[in-house]
Number of protein chains: 2
Amino acid sequence: MKLTSKGRYAVMALVDMARFDNINPVSLRDISLRQGISLDYLEQIFSKLRKKEIVQSVRGTQGGYVLNKKAREIKLTNIFDAVDEKVKTVQCKKESKKGCNGKATKCLTHNLWDELENHINNFFDQKSLEDLVKDNSERRI
Amino acid sequence: MKLTSKGRYAVMALVDMARFDNINPVSLRDISLRQGISLDYLEQIFSKLRKKEIVQSVRGTQGGYVLNKKAREIKLTNIFDAVDEKVKTVQCKKESKKGCNGKATKCLTHNLWDELENHINNFFDQKSLEDLVKDNSERRI
DNA sequence: TAGATACTTGACTATTTTAGTCAGGTTTAT
DNA sequence: ATAAACCTGACTAAAATAGTCAAGTATCTA
């Protein structure tokens, strides 16, 4: 089990943005340089974040992106959801007719993965962007 | 983020085994048929489980595998560890000298992934094979 | 109004991981 | 002896990942 870079980059970029006043737009170019993430890749990611209304875009010179909500209101769940970072632990869900393993019943571990998903989602539901920014400023070197 | 089939199969197979008396060895062929998992793939998985002393093998006719400990003592952590199902949320750990993103400091989300890993591992540390067997017998249809 | 900055979109691709398969063993109960 | 079952290593098709590349459009500023 692992998190992909897309989700990680999305969070990194948003934390980077959230550190500022949120009045002046932050350009992807700056984020790219500061965080060492490919500009082209960031554009893909921000396109998704914009569609889910987590950020707003400002075009033109001096443009960039601005958070669309308070940092406290943006939970990790929202971010991961936006960039398709799913916590899918198992394929049990898809086939509604049959159970997992193609048999009539649920597979022996079905409930386990359900529980795990809840456990992880609880974590993500609670963490906000604000929490992460604070966490960083506290341990600033 | 997702769990791979290898970890899922390992747990399924062990729960399957744990339902029996643990005196007569259970053959992979039987597990394969009951759980719908490829026999060849099961063999790869059990090779790892054996190396980590989670199961013991009994060769020859009527052979198979037996749990090496009480079901209560086998935690999911042990299983995932055996089959290399890592909960690695991020590559921050590798380069000990430098931080993540190749810079001197830790990346903005480093602590987050640490916390998440702990959160997930807590879950796995607590769940034992016995818990899963009980869970299944309770909801048997 | 020219030019630069920055967003926007879609197609493409190399690499890695996953989820197996396959072929050939060895061991042991009957 | 022989069949059941473990054991091992090499191989591979398909999917996912982590990007790159190209060709735009919008808007600010000089």
Side-chain angles (χ1 to χ4, degrees), chain A residues 1-13 17 24-33 35-52 54-66 68 80 83-91 94 100-102, chain B residues 1-13 17 24-33 35-52 54-66 68 80 83-91 94 100-102:
Chain A
M1 174 162 46
K2 63 177 211 286
L3 269 171
T4 68
S5 285
K6 192 177 286 184
R8 181 174 156 235
Y9 287 164
V11 176
M12 282 172 69
M17 283 179 64
N24 300 316
V26 180
S27 75
L28 293 190
R29 191 164 167 283
D30 286 353
I31 297 178
S32 165
L33 290 173
Q35 305 301 329
I37 305 170
S38 142
L39 177 57
D40 282 316
Y41 203 27
L42 273 179
E43 272 163 0
Q44 280 184 43
I45 292 168
F46 272 76
S47 164
K48 293 178 185 231
L49 293 174
R50 189 174 56 80
K51 278 171 192 153
K52 290 299 177 81
I54 290 173
V55 295
Q56 268 192 330
S57 72
V58 180
R59 302 186 74 149
T61 319
Q62 304 300 320
Y65 286 91
V66 190
N68 207 16
F80 286 144
V83 298
D84 301 314
E85 188 82 295
K86 291 181 273 294
V87 179
K88 64 169 177 190
T89 47
V90 79
Q91 305 90 316
K94 293 287 173 64
C100 339
N101 51 13
Chain B
M1 174 162 49
K2 64 178 211 287
L3 268 169
T4 68
S5 283
K6 192 177 287 184
R8 182 175 155 231
Y9 288 164
V11 176
M12 281 171 70
M17 284 180 63
N24 299 315
V26 180
S27 75
L28 293 191
R29 190 164 169 284
D30 286 353
I31 297 178
S32 164
L33 291 174
Q35 305 302 329
I37 305 169
S38 141
L39 177 58
D40 282 316
Y41 202 28
L42 273 178
E43 269 163 3
Q44 280 185 42
I45 292 169
F46 271 76
S47 163
K48 292 177 186 232
L49 293 174
R50 188 174 56 80
K51 276 172 192 153
K52 288 301 177 77
I54 291 173
V55 295
Q56 267 193 332
S57 72
V58 181
R59 302 186 72 150
T61 318
Q62 305 300 322
Y65 287 92
V66 189
N68 207 16
F80 287 142
V83 299
D84 302 313
E85 187 82 296
K86 291 183 272 294
V87 179
K88 66 168 175 189
T89 46
V90 77
Q91 306 90 317
K94 294 285 174 63
C100 342
N101 51 12

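Residue numbering restarts at 1 for every chain, and letters A, B, ... go by the order of the sequence lines. Because the structure is a prediction, the values reported are computed rather than measured.
- In terms of the side-chain contact (heavy atoms from CB on, under 4.5 Å) criterion, residue partners of A:Asp40 (sequence neighbours excluded) are, by chain and number, A:Ser38, A:Glu43.
- Put simply, CG on B:Leu42 is 14 Å from P on C:dA19, counting in whole angstrom units.
- The closest donor-acceptor contact from the side chain of B:Ser32 to the backbone of B:Ile37 lies under 3.5 Å.
- Regarding B:Met17, its CE atom lies at a distance of 14 Å from the C1' atom of D:dA5, rounded to whole Å.
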For nucleotides 14-16 of chain C, tabulate all protein N/O to nucleotide N/O atom pairs closer than 3.5 Å, reporting atom names and distance.
none

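- The distance between atom CD1 of A:Ile37 and atom P of D:dG19, rounded to the nearest whole Å, is 9 Å.
- B:Thr61 is linked by a side-chain contact (heavy atoms from CB on, under 4.5 Å) to nothing, counting only residues two or more places apart in sequence or in another chain.
- At whole-Å resolution of the value, OH in B:Tyr9 and C1' in C:dT18 are 11 Å apart.
- Nearest-nucleotide positions on DNA chain D place B:Val26 closer to the 5' end than the other of B:Val26 and A:Val58.
- D:dA26 atom C1' lies 12 Å from atom CZ of A:Arg50, rounded to whole Å.
- The side-chain hydrogen bond (donor to acceptor under 3.5 Å, both in side chains) search around B:Lys48 returns B:Asp84, not counting sequence neighbours.
- Not counting sequence neighbours, the partners of B:Asn68 by the side-chain contact (heavy atoms from CB on, under 4.5 Å) test are B:Glu53, B:Gln56.
- Pairing each heavy atom of B:Val83 with each of B:Ile45, the nearest pair is CG1-CG2, 4.0 Å.
- The aromatic rings of A:Tyr9 and A:Tyr41 stand perpendicular to each other, their planes meeting at an angle above 60°, with 30° marking the opposite boundary.
- A:Pro25 and A:Gln62 make their closest contact through CG-O, 3.4 Å (heavy atoms, listed as atom of the first residue, atom of the second, distance).
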Checklist entry - How does each nucleotide of nucleotides 21-29 of chain C score, in 5' to 3' order, for protein heavy atoms under 4.0 Å: base (B), sugar-phosphate only (S), or none (-)? => result BB---BBBB

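- Between B:Thr4 and the phosphate of C:dT18, there is no side-chain N or O to OP1/OP2 separation shorter than 4.0 Å.
- In this structure, B:Lys48 places its NZ atom 12 Å from P of C:dA19, rounding to the nearest Å.
- Note: CD1 (A:Ile31) to P (C:dC7) measures 8 Å, nearest angstrom.
- For the pair A:Ser47 and C:dC7, the criterion of a side-chain N or O lying under 4.0 Å from OP1 or OP2 is not met.
- Looking at heavy-atom distances under 4.0 Å, B:Phe46 makes no contact with the nucleic acid at all.
- Contact check, A:Ser27 against C:dC7: no side-chain N or O comes under 4.0 Å of OP1 or OP2.
- Proximity of B:Met17 to B:Phe46: side-chain heavy atoms (C-beta onward) are separated by under 4.5 Å at one or more points.
- Summarising the geometry, the separation between CD on A:Gln56 and P on D:dT27 is reported as 13 Å, rounded to the nearest angstrom.
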